[in-house]
Engineer: 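One structure is given below, represented as structure tokens, and several questions about it will come after.
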Amino acid sequence: MPELPEVETTVRSLRKQILGKRIKDVWTDAKKLVKKPESFSDFGKEIKNRKIESVSRRAKFIFLGLSGNKKLLVHQKMSGHLLVGEWQRNNGEWISKSGGSLQNDPYNQYIHIVFFLDDGTQLALSTLRKFSKVELWDADELEESKQIKKLGPEPLPKDFGFESFKRALNKRRSGKIKQVLMDQSVIAGIGNIYANEILWEAKVSPFKNFTKLSEKELKSIFKAIKRVLKKGIELQGASYSDYRKPSGKKGGFQDWGRVYDREGEDCPRCEGEIKRKKTGGRSVYFCPHCQE
DNA sequence: CGAGGTACCTGACAGC
DNA sequence: TGCTGTCAGGTACCTC
């Protein structure tokens, strides 16, 4: 579910909330979410008493650096989000002790993993569809793992300039620009919401083969990537449905977005109407009038 | 190589 | 009311 801005928002918040704390125990009612090590009890033994020394992100992957040169990888995938709070188990549900943070989270009945920290707070993974995954790695091995190694460049650092963007695209020989933007091995972190918004912002048709794009179109896509992703971070993510910040509160990008989930509305820029079609098995939202 | 389908899961919602 | 089909911020893996 979450894309780069949501994952970045989560990471920034976690840094404030859990850095330096020690993991005392872990609970789950969905052992399959933990992929590595395969046995959940081994996972529990391995993770206990490790201190959270860093919180970082690569593409949509979250890394918690743990003492003893380990890294905990969390991928939230669709519908997943991490929450920090203090809850207790009650009739098969996690209830917030303060009545606070989780009241803002409509999906708190989907907490399936809870890490108990040494100051009494908890880090929880809420994942309605259970696509999320958690893996414990030796730090060096994680860097070399296929899922991380295949990722393209991060789009936001200053050194990702227009030339880097064009070089990144060259990994592909052809393909519709919408699908290419979402290809994590080309550029890391863009998903369906932001790909739609970026192309609207750039006034480029999602269906156009990227090899047919003019220099001018490429330039406006490049600019739109920076602008839209930064806006997403500034607004602390998009909560179209179940994404929540670790506090349980919603992000704000869904009100700023111009096309995603707005089929049938007037294009805010021209006389057109927002349409929805499909490519690559995903919904494409666009304005056929001003995105040629 | 690219495109398209499937799988992994649980819901919300529209239409009959 | 209940059924059926479709849709949902992702990724891996398979076939053509």
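None of the values given here were measured: they were computed from a predicted structure. Letters go in sequence order (proteins before strands), and every chain restarts at 1.
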Engineer: If I take atom CG in residue Leu181(A) and atom P in nucleotide dT11(C), what distance separates them, rounded to the nearest angstrom?
Structural biologist: 14 Å

Engineer: State, without any angle test, whether Lys24(A) and Asn49(A) hold a side-chain donor-acceptor pair at a distance under 3.5 Å.
Structural biologist: yes

Engineer: Which of residues 129-141 of chain A have a heavy atom under 4.0 Å from DNA chain C?
Structural biologist: Arg129(A), Phe131(A)

Engineer: Under 4.0 Å, counting only non-hydrogen atoms across every strand here, what does Tyr260(A) touch: a base, just sugar-phosphate, or nothing?
Structural biologist: sugar-phosphate

Engineer: Roughly how many Å is it from CG in Leu73(A) to P in dG10(C), rounded to a whole number?
Structural biologist: 16 Å

Engineer: Please give the distance between the P atoms of dG5(C) and dT6(B) as a whole number of Å.
Structural biologist: 15 Å

Engineer: Of all heavy-atom pairs between Gly257(A) and Arg262(A), which one has the smallest distance, and what is that distance?
Structural biologist: O-NE, 2.8 Å

Engineer: Rounding to an integer number of Å, can you tell me how far Ile190(A) CD1 sits from dT11(C) P?
Structural biologist: 12 Å

Engineer: Got a sec, which hydrophobics cluster with Leu73(A), joining ILVMFWY side chains under 4.5 Å apart, including via others?
Structural biologist: Phe61(A), Phe63(A), Trp137(A), Leu142(A), Ile148(A), Leu151(A)

Engineer: If you group Ile, Leu, Val, Met, Phe, Trp and Tyr whenever their side-chain heavy atoms sit less than 4.5 Å apart, what else falls in with Phe286(A)?
Structural biologist: Phe207(A), Val284(A)

Engineer: Can you tell whether the side chains of Arg167(A) and Glu163(A) come within less than 4.0 Å, N to carboxylate O?
Structural biologist: no

Engineer: Among residues at least two apart in sequence or on other chains, which ones pass ring-ring contact (aromatic ring centres under 6.0 Å, His included) with Tyr285(A)?
Structural biologist: Tyr260(A)

Engineer: Sticking with atom P, work out how far dG10(C) lies from dC1(B), rounded to a whole angstrom.
Structural biologist: 23 Å

Engineer: Only pairs under 3.5 Å count here: list side-chain donor-acceptor contacts from residues 178-185 of chain A, not counting sequence neighbours, and write none if there are none.
Structural biologist:
{"residue": "Lys178(A)", "atom": "NZ", "partner": "Asn192(A)", "partner atom": "OD1", "Å": "2.7"}
{"residue": "Asp183(A)", "atom": "OD1", "partner": "Ser185(A)", "partner atom": "N", "Å": "2.9"}
{"residue": "Asp183(A)", "atom": "OD1", "partner": "Ser185(A)", "partner atom": "OG", "Å": "2.7"}
{"residue": "Asp183(A)", "atom": "OD2", "partner": "Arg172(A)", "partner atom": "NE", "Å": "2.8"}
{"residue": "Asp183(A)", "atom": "OD2", "partner": "Arg172(A)", "partner atom": "NH2", "Å": "3.4"}
{"residue": "Gln184(A)", "atom": "OE1", "partner": "Gly189(A)", "partner atom": "N", "Å": "2.9"}
{"residue": "Gln184(A)", "atom": "NE2", "partner": "Met182(A)", "partner atom": "O", "Å": "3.0"}
{"residue": "Gln184(A)", "atom": "NE2", "partner": "Ile190(A)", "partner atom": "O", "Å": "3.0"}

Engineer: Gln184(A) has an atom CD; how far is it from atom P of dA12(C), in whole Å?
Structural biologist: 9 Å

Engineer: Have a look at dG9(C) and give me syn or anti from its glycosidic angle (syn if within 90° of zero).
Structural biologist: syn

Engineer: Among residues 170-177 of chain A, which contact DNA chain B at a heavy-atom distance under 4.0 Å?
Structural biologist: Arg172(A), Arg173(A), Ser174(A), Gly175(A), Lys176(A)

Engineer: For atom C1', what is the distance between dG9(C) and dG2(B), given to the nearest Å?
Structural biologist: 24 Å

Engineer: Between dC7(C) and dG4(B), how far apart are the two P atoms, rounded to whole Å?
Structural biologist: 16 Å

Engineer: Hey, does the Lys NZ or Arg CZ of Arg89(A) hover above the aromatic six-ring of Trp87(A), less than 6.0 Å from the centre and inside 45° of the axis?
Structural biologist: no

Engineer: Answer yes or no: does a side-chain N or O of Gln179(A) lie under 4.0 Å from OP1 or OP2 of dG2(B)?
Structural biologist: no

Engineer: Parallel, tilted or perpendicular: which describes the rings of His81(A) and Tyr243(A), with under 30° parallel and over 60° perpendicular?
Structural biologist: perpendicular

Engineer: Sequence neighbours left out, what pairs pass salt bridge (charged side-chain N to carboxylate O under 4.0 Å, His left out) with at least one residue falling in residues 111-121 of chain A?
Structural biologist: Lys21(A)-Asp119(A)

Engineer: Go through residues 276-283 of chain A and report each residue with a non-hydrogen atom lying under 4.0 Å from DNA chain C, sorted by number.
Structural biologist: Arg276(A), Lys278(A), Arg282(A), Ser283(A)

Engineer: Search all heavy atoms of Lys208(A) against all heavy atoms of Leu213(A) and return the closest pair with its distance.
Structural biologist: CD-CD2, 3.7 Å

Engineer: Is it true that the NZ or CZ of Lys231(A) lies under 6.0 Å from the centre of Phe253(A)'s six-membered ring and within 45 degrees of the ring axis?
Structural biologist: no

Engineer: Taking 4.0 Å as the cut-off, does a side-chain nitrogen or oxygen of Lys150(A) come that near to OP1 or OP2 on dA12(C)?
Structural biologist: yes

Engineer: Atom NZ of Lys35(A) to atom C1' of dC9(B): distance rounded to whole Å?
Structural biologist: 11 Å

Engineer: Only Watson-Crick and G-U wobble pairs with both distances less than 3.5 Å should count. Give DNA chain C in dot-bracket notation, marking inter-strand partners with |.
Structural biologist: .|||||||.|||||||

Engineer: Going by salt bridge (charged side-chain N to carboxylate O under 4.0 Å, His left out), name the pairs with one or both residues in residues 139-160 of chain A, residues two or more places apart or in two chains.
Structural biologist: Arg57(A)-Glu154(A), Arg58(A)-Glu154(A), Lys71(A)-Glu143(A), Glu144(A)-Lys149(A)

Engineer: For a quick test of reading the model: is some side-chain N or O of Lys146(A) closer than 4.0 Å to OP1 or OP2 of dC13(C)?
Structural biologist: yes

Engineer: In whole angstrom, what separates Leu169(A)'s CG from dG2(B)'s C1'?
Structural biologist: 16 Å

Engineer: Given the P atoms of dC3(C) and dC9(B), what is the spacing between them in whole Å?
Structural biologist: 24 Å

Engineer: Has His75(A) got a side-chain N or O lying under 4.0 Å from the OP1 or OP2 atom of dG10(C)?
Structural biologist: no

Engineer: Write down the distance between CG (Leu235(A)) and C1' (dG9(C)), rounded to a whole number of angstrom.
Structural biologist: 16 Å

Engineer: Looking at residues at least two apart in the chain, or sitting in another chain, which of them share a salt bridge (Lys or Arg N to Asp or Glu O under 4.0 Å) with Glu271(A)?
Structural biologist: none

Engineer: Can you tell me which residue pairs pass the salt bridge (charged side-chain N to carboxylate O under 4.0 Å, His left out) test with a partner in residues 193-207 of chain A, sequence neighbours excluded?
Structural biologist: Glu201(A)-Arg227(A)

Engineer: How long is the line joining CG of Leu128(A) and C1' of dG11(B), in whole Å?
Structural biologist: 5 Å

